[in-house]
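Step one of this worksheet: look at the structure below.
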Amino acid sequence: MKIFNTLTGKKEDFRPRGEAVTMYVCGITAYDESHIGHAMTYIIFDAIKRYIRFKGYKVKHVQNFTDIDDKIIERANQIGAAPLELANKYVDQYFADMDALNVERADIYPRATAEIPKVIEIIQGLLAKGYAYESEGSVYFRVRNFPNYGKLSHRNLSDMISQASTYEKKKEYPLDFALWKMSKPGEPFWDSPWGRGRPGWHIECSAMALKYLGESIDIHGGGQDLIFPHHENEIAQSESFTGLIPFARYWLHNGLMQLDKQKMSKSTGNLVSVKEALNHFSADAIRLFILSSHYRSPLTYSEQALEASERGTERLRWAMTHRTNVNQGAAMLNAQPFEQKFIEAMDDDFNTAQAIAILFELAKEINRGAEQGTNITEAQHTLLKLAGTLGLTLKEKTRATPDAEAFIRLLISIREDLRQSQQWQLADKIRSGLADLGVTIEDTSQGTRWK
RNA sequence: GGCGGCGUGGCCAAGAGGUUAAGGCAGGGGUCUGCAAAACCCCGAUACGGCGGUUCAAAUCCGCCCGCCGCCUCCA
């Protein structure tokens, strides 16, 4: 299995350290609804995790919530809520959204506010080693003391310093970043050796990763917008604190969701929320859309593209619905070559687009087999298994309640009788009436089906 | 200005030196069907932003140009 590593800029063989692959993915700052761009990141890492497990590894997955920061405080003040309550609300919504998208839960979801002791421990360690300094109640990381600062984002201090704009005088050097921020009056705070304050944004991830996954983790992931400064700073802090290099062995970054030729972003309001998307499209369609392009490329959201994915999803689902009564001695569709190609695609830096193409090829063969009376049962199992590796369920959308379903069945059976007696007009009236209610009727050689 | 990425049929999107340039959606023709839908079969890029170069051979490597985007400040 080969994985593209942002750190080296190359595809590398994936060789995890221990029994279980340790994977840390940066989570959200909980101050607003999750949008499709977030869904993109978490669906991608969900597929990556599922595939790694498919390959026989165990995975230990940690994903944080930033539940205290400037944005949260600002938003909470606007609406007159307590910052932590606001954060909790959006954490709950995040879970609801991701569950609906069939994103598996991580093993641990640490929150910044619950990890203050570890944060303080690390800052103290950095101070002791001279990597950090206190200034007016805040603590900053001394970027110039970390020799490889910029190794992840492939830049160097002199490039960056020439562009550095205004900076706080409290810092020794413009690019130094906050480990601990002194709290202003009225803001939430935690006590620390440097007074009341809260953690800087970057330090929480180091603290959580080190605490829950150890000093050197296998996979660290997130959106490409986190490469600098967030992940760069995590590396600086973590490696300075532990003295162990590398902090993370494989850095994976997904491309960002675009909307109208612009990055989808909470701060600009240029977004489509997960809820909104789920109102119009199935989770499978959203996943199919996101996974049909390579995870490192940007992807532009559009209704048209989602509709195309919905249709594609229906095609895959269809292949799962055949219930052929197989004759003894019927030829069997061998899905092995498809599984092989699927694995080859995924082994090459998680080429989900290619993998999905193979799913469609397999679906086509299954459909064909169903018409020819081939035994396709095992091929269907394979299709479902491989699709499941991408988190696709291929389940029919059953919008109908059990009660409604009974009525639909009754109407269909009446319509069958009408068709038997060739009363086409009445039969068609039932069909179009149901269609208006969102129920599609299809007459096949094996009876009438609906969805 | 620095760093990184992208430009492939009507739309989306794989492919990264060499058999017929995946797959999906849309479209056209056909089979099946009371009709419809679905499914199945067949069809479509002399061609991969432009211009040069390297090579026996380039969508794929190199150079320049054009267009678009991301990061360099909070962001998945």
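From a predicted model like this one, the values you see are computed outputs, not experimental measurements. Residue numbers start from 1 in every chain, and the chains themselves are labelled A, B, ... in the order their sequence lines are given, proteins ahead of strands.
- Distance noted for atom C1' between B:G24 and B:C35: 29 Å (whole Å).
- For the pair A:R105 and A:F95, the cation-pi test (distance below 6.0 Å, angle within 45°) is passed.
- A cation-pi contact, defined as under 6.0 Å to the ring centre and within 45° of the axis, links A:R155 to A:F228.
- Within 4.0 Å of A:F45, counting heavy atoms only, lies no atom of the nucleic acid at all.
- Within 4.0 Å (heavy atoms only), A:H35 reaches at least one base atom of the nucleic acid.
- A donor-acceptor contact under 3.5 angstrom links the side-chain atoms of A:D428 to the base of B:G34.
- Residues passing the side chain to side chain contact (heavy atoms under 4.5 Å, CB included) test with A:E371: none are found, sequence neighbours excluded.
- Nucleotides B:G7 and B:A16 have their C1' atoms positioned 15 Å apart, rounded to a whole Å.
- Between A:S293 and A:G255, the residue anchored closer to the 5' end of RNA chain B is A:S293, taking for each the nucleotide with the nearest heavy atom.
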Give every pair of a protein N or O atom and an N or O atom of nucleotides 20-23 of chain B that lie under 3.5 Å apart, one pair per line with the distance.
| residue | atom | partner | partner atom | Å |
| --- | --- | --- | --- | --- |
| B:A22 | O2' | A:E361 | OE2 | 3.2 |

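- In this structure, A:R296 is positioned above the aromatic face of A:F4, its NZ or CZ under 6.0 Å from the six-membered ring centre and within 45° of the axis.
- Of the listed nucleotides (B:C74, B:A39, B:C25), B:A39 has the atom at the smallest distance from the side chain of A:N367.
- Out of B:C40, B:A38, B:A76, the shortest distance to the side chain of A:M264 is found at B:A76.
- Here A:P298 pairs with A:Q258 under the side chain to side chain contact (heavy atoms under 4.5 Å, CB included) rule; sequence neighbours left out.
- Looking at A:R111 and A:E115, no side-chain N of the basic residue comes within less than 4.0 Å of a carboxylate O on the acidic one, giving no salt bridge.
- Between B:C43 and B:A21, the two P atoms lie 13 Å apart (nearest whole Å).
- If you check the side chains of A:S282 and A:D284, you find no donor sitting under 3.5 Å from an acceptor.
- For A:D225 against B:C74, no side-chain N or O and base N or O form a donor-acceptor pair under 3.5 Å.
- Look at A:R311 and you'll find a side-chain N or O under 4.0 angstrom from OP1 or OP2 of B:A38.
- The side chain to side chain contact (heavy atoms under 4.5 Å, CB included) test applied to A:D69 returns A:T29, A:T66, A:K71, A:I72, not counting sequence neighbours.
- When heavy atoms are screened at a 4.0 angstrom cut-off, A:G222 is found touching the sugar-phosphate backbone but no base atom.
- Remark: A:K151 engages A:L7, A:N148, A:E232, A:I235, A:E239, A:I245 in a side chain to side chain contact (heavy atoms under 4.5 Å, CB included) (not counting sequence neighbours).
- Secondary structure note: stems in RNA chain B built from 3 or more consecutive Watson-Crick or G-U wobble pairs under 3.5 Å occupy B:1-7 with B:66-72, B:10-12 with B:23-25, B:27-31 with B:39-43, B:49-53 with B:61-65.
- A:R415 comes within 4.0 angstrom of a nucleotide base, judged by non-hydrogen atoms across all strands.
- The phosphate of B:G2 has neither OP1 nor OP2 within less than 4.0 Å of any side-chain N or O from A:N156.
- The backbone N or O of A:I343 sits nowhere less than 3.5 Å from a side-chain atom of A:K55 that would complete a donor-acceptor pair.
- For B:C41, one of the phosphate oxygens OP1 or OP2 lies less than 4.0 angstrom from a side-chain nitrogen or oxygen of A:R368.
- Nearest-nucleotide assignment on RNA chain B puts the 5′-proximal partner with A:S297, out of A:A427 and A:S297.
- Heavy atoms of A:R296 sit nowhere under 4.0 angstrom from any nucleic acid atom.
- No contact: A:Q422 has no heavy atom under 4.0 Å from any strand.
- Within 4.0 Å of A:S153, counting heavy atoms only, lie sugar-phosphate atoms of the nucleic acid but no base atom.
- Residue A:W424 is classed as a base contact, given a heavy-atom separation below 4.0 Å to a base.
- Contacts of A:H154 with the nucleic acid, taken as non-hydrogen atoms under 4.0 Å apart, involve only primed sugar atoms and P, OP1 or OP2.
- Nucleotides B:A58 and B:U46 have their C1' atoms positioned 15 Å apart, rounded to a whole Å.
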